[in-house]
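Structure record follows, encoded as structure tokens.
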Amino acid sequence: MKYIFVTGGVVSSLGKGLAAAALGTLLERRGLRVAFQKLDPYLNVDPGTMNPLEHGEVYVLADGAETDLDLGHYERFTDSLLTRANNVTSGQVYETVLSKERRGDYLGETVQVIPHITDEIKERILFFEKTSSADILITEIGGTTGDIEGLPFLEAIRQFILQVGPQNAILMHVTLVPFIKAAGELKTKPTQQSVAKLREIGLQPQVLLCRTEQPLEREVREKLSLFCNIPVDAVMEARDVEHSIYEYPLLLQEEGLDEKICHLFGIHAPAAQMSQWRSMVQTIVTPTHHLKIALIAKYELQDAYKSIYESLTHAGGFNDCGVSIEVVDAEEIEHNGAEKYLLHVSGILVPGGFGDRGAEGKIKATQYAREHQLPYFGLCLGMQIATIEFARHVCHLEHANSTEFDPVTPHPVIALLEEQKKVLDKGASMRLGSWPARLREGTLAHRMYGCHEIAERHRHRFEFNNDYRQQLEALGLVISGTSLDGQLVEIIEIPHHPWFLAVQFHPEFQSKPHAPHPLFTGFLQACKKASQR
Ligand code: GLN
């Protein structure tokens with residue numbers, strides 16, 4: 001196995017994850033098998049307990065791992081299959097080492113960062129050598145060089161490269177080369193310093209990927225080459241993409257990144273076949289139609305809903321329409337009513353979420369969509385909200401609610417299952433990961449999916465309360481998908497409406513640019529129709 005380590009310098013949010021994913025696209029299209037790993041230096045065992053404003057979306061894998069959103073990029077850009085082994089945090093590493101220490105596994109040794117923590121990190125990188133058939137493992141290290149908490153990871157990588165030999169491992173450093181307007185120049189100093197930080201601890205990057213707004217001219221490349229000790233043909237430009245992140249692999253191919261990597265590894269693989277990818281990008285960036293979709297949200301931060309944005313982009317490409325997402329603050333709707341914000345949109349999407357802040361606003365938005373025949377798509381919390389709205393306003397169950405928002409509601413239409421009531425730890429204790437569901441013949445869901453059984457990823461604690469099933473169904477709510485034993489409600493819909501569907505799971509984790517999710521494409525198709533009304 002060959003190893004590529006991706007580090008970041010100068011600032012965070014450089015798009016290391018995207019760079020790793022886009023490189024993966026190119027290598028896969030050369031016929032190589034690629035695996036990915038993200039090492040996150042924070043002490044949380046996983047991001048599941050973090051506020052989305054801190055961290056962005058929690059991306060859920062099929063096996064139920066709650067992971068960093070970069071894993072979403074890896075899955076969307078490539079065919080690699082990810083499991084919980086693909087996201088390692090300092091928290092996990094320390095947890096393992098400390099429980100080994102308690103068991104007495106270290107036989108009286110003093111347990112230290114070097115070698116015990118670094119050994120555990122190397123073990124987790126080597127895991128892929130033993131278990132995967134990939135040709136190349138791309139390991140991204142979270143954070144920025146110079147962070148104290150990242151040091152054990154960088155040290156482990158130094159040792160690892162020594163172990164497997166430099167011919168089998170490449171360090172690619174992603175950095176920022178800022179343009180200073182007053183000087184009219186690109187500045188290389190921050191990059192020089194961040195590479196110096198790496199060299200201080202014995203790491204020499206072989207490839208420099210420079211994020212820049214301006215073309216990286218020859219002299220700038222030569223300067224970077226000289227000061228960073230990297231051959232000039234390995235100093236690469238990663239210009240900001242113009243329209244879509246899916247252009248990124250094409251830019252990197254033009255720059256020769258995958259060619260360089262193969263050359264350094266001595267791998268002979270044919271040039272990446274990118275024609276299909278190119279035409280997919282073309283459909284995304286040159287749509288004929290435009291749609292405005294309202295996302296009834298609690299967080300302004302786009303990263304908090306990353307996979308939803310991407311899924312709408314994929315489905316937009318499929319439907320030949322560009323989608324502008326209007327983030328509407330649920331609390332604003334609470335205060336000012338829904339109409340002001342929703343009158344001019346073609347569809348409404350209520351995403352997942354936790355806690356009661358904004359819940360009443362989301363209910364109002366849902367009522368507006370149901371009553372005004374506006375396409376509605378509810379995801380996870382969105383399905384729970386739609387259930388509450390239907391119970392209150394169609395079934396006249398006054399004060400119906402989820403026990404998450406009102407523990408003493410007279411009508412707990414959304415509630416905890418018995419097994420969840422016993423849960424004390426917040427971490428990794430929700431209903432997580434891929435679960436099969438059966439679809440009811442003749443329903444919208446069945447038509448959209450075109451099959452009887454599906455598997456979708458979950459991340460929630462609360463469920464549709466079966467005590468209210470008959471009552472809601474009697475007044476027209478259609479339960480179109482359930483768990484295989486019929487006990488858990490997975491999809492609800494409202495007939496005699498252009499498109500009103502809500503799901504207890506997260507379809508946004510299974511959409512890819514070249515394989516958009518059928519519920520997202522169906523939703524946008526309905527929105528397109530609504531916009532032409
Ligand atoms: N808060 C809800 C629950 O825990 C919904 C979760 C979500 O939307 N991911 O069930």
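Each ligand, and each atom within it, is numbered from 1 in the order the structure gives. None of these values were measured; they are calculated from a predicted model.
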State yes or no: are the ring centers of Phe520 and His314 separated by less than 6.0 Å?
-> no
Tell me which part of Arg459 gets within contact of ligand 1: side chain, backbone, both or neither, using heavy atoms under 4.0 Å.
-> backbone
The option among Gly352, Ala359, Gly353 carrying the non-hydrogen atom nearest to atom 6 (C) of ligand 1 is Gly353
So which heavy atom in the protein is nearest atom 10 (O) of ligand 1, and how far is it from that ligand atom?
-> Phe462 N, 2.8 Å
Does His506 have a non-hydrogen atom less than 4.0 Å from ligand 1?
-> yes
Could you see which bit of Glu404 sits under 4.0 Å from ligand 1, with heavy atoms only: side chain, backbone, both or neither?
-> side chain
Nearest neighbour of atom 3 (C) of ligand 1 from the list Arg431, Met430, Arg461, on a heavy-atom basis | Arg461
Decide yes or no on salt bridge (Lys or Arg N to Asp or Glu O under 4.0 Å) for Glu404 and Arg357, but give the supporting numbers first.
-> CA-CA 11 Å; Glu404 182 180 8; Arg357 183 165 71 81; over 6 Å; no
Looking at Glu360 and Arg392, does any basic side-chain N land under 4.0 Å from a carboxylate oxygen?
-> yes
Is the Trp499 to Tyr376 ring centre distance short of 6.0 Å?
-> no
Taking the six-membered ring for Trp, is the centroid-to-centroid distance between His517 and Tyr449 below 6.0 Å?
-> yes
When you measure from atom 7 (C) of ligand 1 to every protein heavy atom, which one gives the shortest distance, and what is it?
-> Cys380 SG, 3.1 Å
Going by heavy atoms, is Gln384 under 4.0 Å from ligand 1?
-> yes
